[in-house]
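Here is how names work: the chains are called A, B, and so on, in the same order as the sequence lines, proteins then strands, and each is numbered from 1. Predicted, not measured: the structure shown is a model, and the values here were computed from it.
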Amino acid sequence: MTIKTTARRARSMCAVALTFAAFAVSGAASADQTSDGTGQAQGHNHAVVPESHDHSVSHGASQEVESHDHSMGHDHNAAEHRMPDHLGMDAENTAEAAMRPDGFQYKRSLNDYPAPDITLRNQFGQKVNFAELMDFDGPVLLNFIFTSCATICPVMSATFGQTQESLAAIDDHYLMVSISIDPEYDTPARLRDYAQLHGARDNWVMLTGQFDDIFTVVRAFDAIYKGENKMYHRPLTFLRKAKDAPWLRLEGLLGSEELAEEYAALVRPEVN
Amino acid sequence: MRLRAIYHILLRGLLATMLLAVPLWALAGQAGDVELGRKLYWEGIGADGQPVRGVTQGDVKITGAQFSCVNCHRPSGFGTSEGGNYVPPIIGEVLFNKKTLNRNRIFKDLYQEVQPPGFWARVRAPRMRPAYDDVLLARALRDGVDAAGHEFDPIMPRYELTPTDVSNLSAFLKTLSAEIDPGVTEREIHFATVIGPDADPGEADAMLRTLNLFFEWMNKDTEGDTRNPTFSPNYRSNFISAYRYWRLHVWQLQGPPETWRAQLEAKYAEQPVFATLSGLVPGPWDEIGKFCDDKRLPCIFPNAELPTPGDGRYGYSVFFNRGLVLEAEALALHLGDQPSPPARIVQIHGAGAQGTRPATAFAKTMAMVLPDTEITSVSYDGADGLRAALAAHANAETLVIWPQDVEEAVEILVSMSPSAAHLYLPSATKDAAVAALPSTLIERARLVWPYDRPDSYHPRKYRIRGWMHTRRLEVTHPRIQLQTFYALTMIEFGLMHAINDFYRDYVIEIIEHEAENELNPGTHPELALGPGQRFASKGAYIAELDPESRAGIRVVSDWIVP
């Protein structure tokens with residue numbers, strides 16, 4: 001981040017600074033990658049499924065390829081989202097890739113994320129100990145959102161909202177958790193309005209709290225974003241079958257059916 | 001009954017025939033209603049008054065209430081980048097013309113934002129398309145296919161829109177960011193700073209010195225870059241159209257607030273400005289805020305103690321925080337958190353807005369957090385009024401004071417020395433209280449402190465101080481000067497990323513994005529905005545006075561966010 005801050009700091013309209021920023025960002029990206037992976041108590045990645053899901057092919061649990069490539073687990077997504085070293089010249093940046101829509105694919109991986117023992121507040125202003133909440137003895141779906149978020153949160157929340165019915169059809173005993181990464185703006189009252197907007201059932205908990213506590217959870221789920229600026233957050237959804245089961249981490253936006261299928265495959269593998 | 005049923009069947013049949021017979025493009029070309037288009041764009045409400053419906057991400061059904069165009073494409077229509085999703089500009093000038101490649105327009109998306117992998121492929125092999133017309137626009141919105149037939153990303157909802165909705169939207173998009181905003185000429189960009197009649201002359205001077213110095217150095221840079229005989233033909237020359245000399249106009253207001261509007265109108269008519277920067281206005285910002293909204297004039301981070309009331313969604317004034325009302329609410333929450341909360345509180349407040357607004361907010365929040373605590377609110381006018389109020393409540397256990405005049409109030413507190421066990425004061429009293437209160441009162445006094453703790457570390461504070469010191473700027477009022485510098489930084493980066501798209505909405509959107517980057521001058525623990533957010537800092541501490549320390553205070557509570 002240091003290099004980038006330097007570039008930002010440079011005087012406005014100074015084209016030297018601007019072009020310098022172009023080179024600085026790619027450098028900062030790789031620097032970030034290393035710093036993300038170290039120094040923080042993150043979940044240990046034990047079963048990576050580095051497979052990208054595409055709508056054109058059928059997908060689901062049956063397709064999972066077990067792999068133990070540990071290097072794939074951490075923050076690969078953040079690095080991929082940055083500017084490539086050679087602008088648009090990488091092998092995968094073909095004309096075909098340019099024509100394809102970006103969505104309709106997401107990445108999956110299984111990880112252990114220990115729940116930090118911190119206190120947050122739910123949409124009713126009540127204190128909620130996060131570790132205790134995660135002691136819930138059933139499936140949990142979790143994501144990070146903020147209510148003023150323009151682009152991806154409304155999609156993620158609408159997906160959660162619509163999928164509730166499918167989940168309840170399998171078994172009512174599950175928990176949905178949305179954690180605000182803009183906790184000071186997202187007061188319990190704003191979270192209540194947001195829950196109403198997306199037709200949240202009683203078992204969909206929205207959480208806010210002290211900034212540092214929220215960020216402890218963000219770090220615990222390896223969900224940190226560039227420059228600690230929430231505007232650069234990524235679409236992540238986490239599913240868990242039971243209390244001590246690993247988390248299935250889904251990176252990218254999902255449709256309702258996709259989420260329901262992932263959930264069903266996780267909760268009822270025998271049916272699939 | 002039967003007749004009615006038959007009638008209904010016939011009617012339904014007729015409607016179905018009409019819907020079948022009128023193809024989507026039949027109404028295309030008819031002039032749409034700009035205002036209805038605006039309503040659709042902003043609120044997701046169709047011409048029939050109902051929220052429109054659509055599907056995102058393949059199968060997620062949504063309504064216009066959850067997903068209106070403005071969400072992603074933003075008020076300016078320039079789009080955004082968020083969470084690895086790129087939302088392209090959809091202003092009429094772009095949409096209804098053949099796609100042209102414009103490196104400057106995607107500059108910020110190239111270097112500042114997180115992008116999907118396909119974005120980079122498209123930098124090399126752009127997807128070109130012909131101009132949209134209403135037929136192609138209708139198809140795009142319904143089927144998710146662009147004017148050249150490329151499929152949209154699944155995040156773009158596929159909407160069920162009537163032909164009327166499409167032509168309304170089309171009409172609105174043609175007006176969106178159609179012409180660059182006032183205050184910008186080929187050579188210059190004009191800004192103003194608003195100073196209220198009651199502003200402290202020392203503070204106003206410190207703010208103006210900071211503004212003038214910043215402008216001077218901006219313009220020196222501009223001159224150096226644009227006059228350089230070896231001006232780079234490949235890089236910097238791309239941005240030559242973005243350079244402007246910054247011009248500052250000081251809008252010094254006079255007289256009572258109800259006359260300000262006319263003064264502002266006259267000054268704006270004389271020289272339109274692109275935005276107002278910083279500013280110093282004691283008392284309510286309401287009149288100025290209304291002017292900013294009506295003129296669609298960004299008023300960037302004024303030093304204001306009473307920002308326009310409201311929940312801070314959109315609007316053209318962007319503030320540091322909610323001022324005295326925030327302080328009052330934070331204090332109430334703090335009292336509510338005490339192990340043995342007070343049974344009775346006397347709050348003494350000035351009769352003007354500086355007194356009544358926090359007093360009202362305090363009483364309201366107390367009723368919520370401590371409904372059993374008895375609140376006595378006493379309004380006063382002038383020094384004698386305050387003396388009388390203090391005398392009348394000499395035995396109050398807990399005193400909260402929202403002064404009309406900070407120095408006068410501290411002076412009276414010193415002379416009257418109330419016996420209250422707890423005395424709560426707003427942050428503005430800090431300097432006077434630290435200097436004048438006797439040690440017996442200092443022990444019992446607490447301040448609401450909506451700023452960062454004195455011992456916090458913000459790297460950028462040192463860089464800004466360095467910038468000021470090397471340019472021989474005397475730092476007489478650090479808070480005001482650092483806040484002013486932040487306002488300047490925000491507009492600087494806003495314009496830097498807008499390149500030569502001098503659209504006010506677009507620049508505000510960039511500021512919303514930028515505010516949270518590591519640009520905090522160290523005045524507040526966090527400064528962050530979000531789409532439509534207008535208050536960058538949201539909480540306050542409670543502090544005790546500590547005259548021995550350099551800062552004069554010591555924070556004694558958590559950061560309280562009402």
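Looking only at distances, a side-chain donor or acceptor of B/Glu516 sits under 3.5 Å from a matching main-chain atom of A/Lys230. Checking side-chain atoms of A/Gln162 against main-chain N and O of B/Asp59 turns up a donor-acceptor pair under 3.5 Å. Remark: the backbone N or O of A/Thr159 is not paired with any side-chain donor or acceptor of B/Gln57 at under 3.5 angstrom. Under a 3.5 Å cut-off, the side chain of B/Lys538 and the backbone N or O of A/Pro183 do not form any donor-acceptor pair.
Residue with the most contacts toward chain A among B/Glu512, B/Met156, B/Lys61: B/Lys61 (heavy-atom pairs, distance under 4.5 Å). Among the candidates B/Gln533, B/Arg127, B/His150, the residue making the largest number of heavy-atom pairs closer than 4.5 Å to chain A is B/Gln533. Counting heavy-atom pairs closer than 4.5 Å to chain B, the top residue among A/Thr187, A/Asp182, A/Leu259 is A/Asp182.
Counting all heavy atoms, side chain and backbone alike, B/Ile62 lies closest to A/Ala158 at CG2-CB, 3.6 Å. Shown here for A/Tyr232 and B/His513, the closest heavy-atom pair between the two residues is CE2-ND1, 4.5 Å. In this structure, A/Met231 and B/Pro531 approach most closely via the heavy-atom pair CE-CD, 3.5 Å. Heavy atoms only, all atoms of each residue included: A/Ala150 and B/Asn71 are closest at CB-O, 2.7 Å. When all heavy atoms are compared, the tightest approach of A/Leu254 to B/Val60 is O-CG2, 4.4 Å.
For B/Pro525, no part sits under 4.5 Å from any heavy atom of chain A, backbone or side chain. When heavy atoms are compared at a cutoff of 4.5 Å, B/Pro126 approaches chain A solely by way of its backbone atoms N, CA, C and O.
Counting heavy atoms of neighbouring residues, nucleotides and ligands inside a 6.0 Å radius, atom CD of A/Glu257 does not exceed 12 of them. Within a 6.0 Å radius of CD in B/Glu216, more than 12 heavy atoms belonging to other residues, nucleotides or ligands are found. Within 6.0 Å of atom CZ in B/Arg53, 12 or fewer heavy atoms from other residues, nucleotides or ligands are found, so the atom counts as exposed in its surroundings.
A distance of 4.5 Å separates CG of A/Asn229 from CG of B/Asn517, quoted to the nearest 0.5 Å. Atom CG of A/Leu253 is separated from atom CD1 of B/Ile155 by 5.0 Å, given to the nearest 0.5 angstrom. To the nearest 0.5 Å, the span separating OG on A/Ser157 from CD on B/Gln66 amounts to 9.0 Å. A distance of 12.0 Å separates CH2 of B/Trp559 from CG of A/Asp212, quoted to the nearest 0.5 Å.
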Given the rule in the side chain to side chain contact (heavy atoms under 4.5 Å, CB included) test, do B/Val561 and A/Phe211 qualify, once you have shown the distances and angles that lead to the verdict?
CA-CA 10 Å; B/Val561 182; A/Phe211 189 84; over 6 Å; no
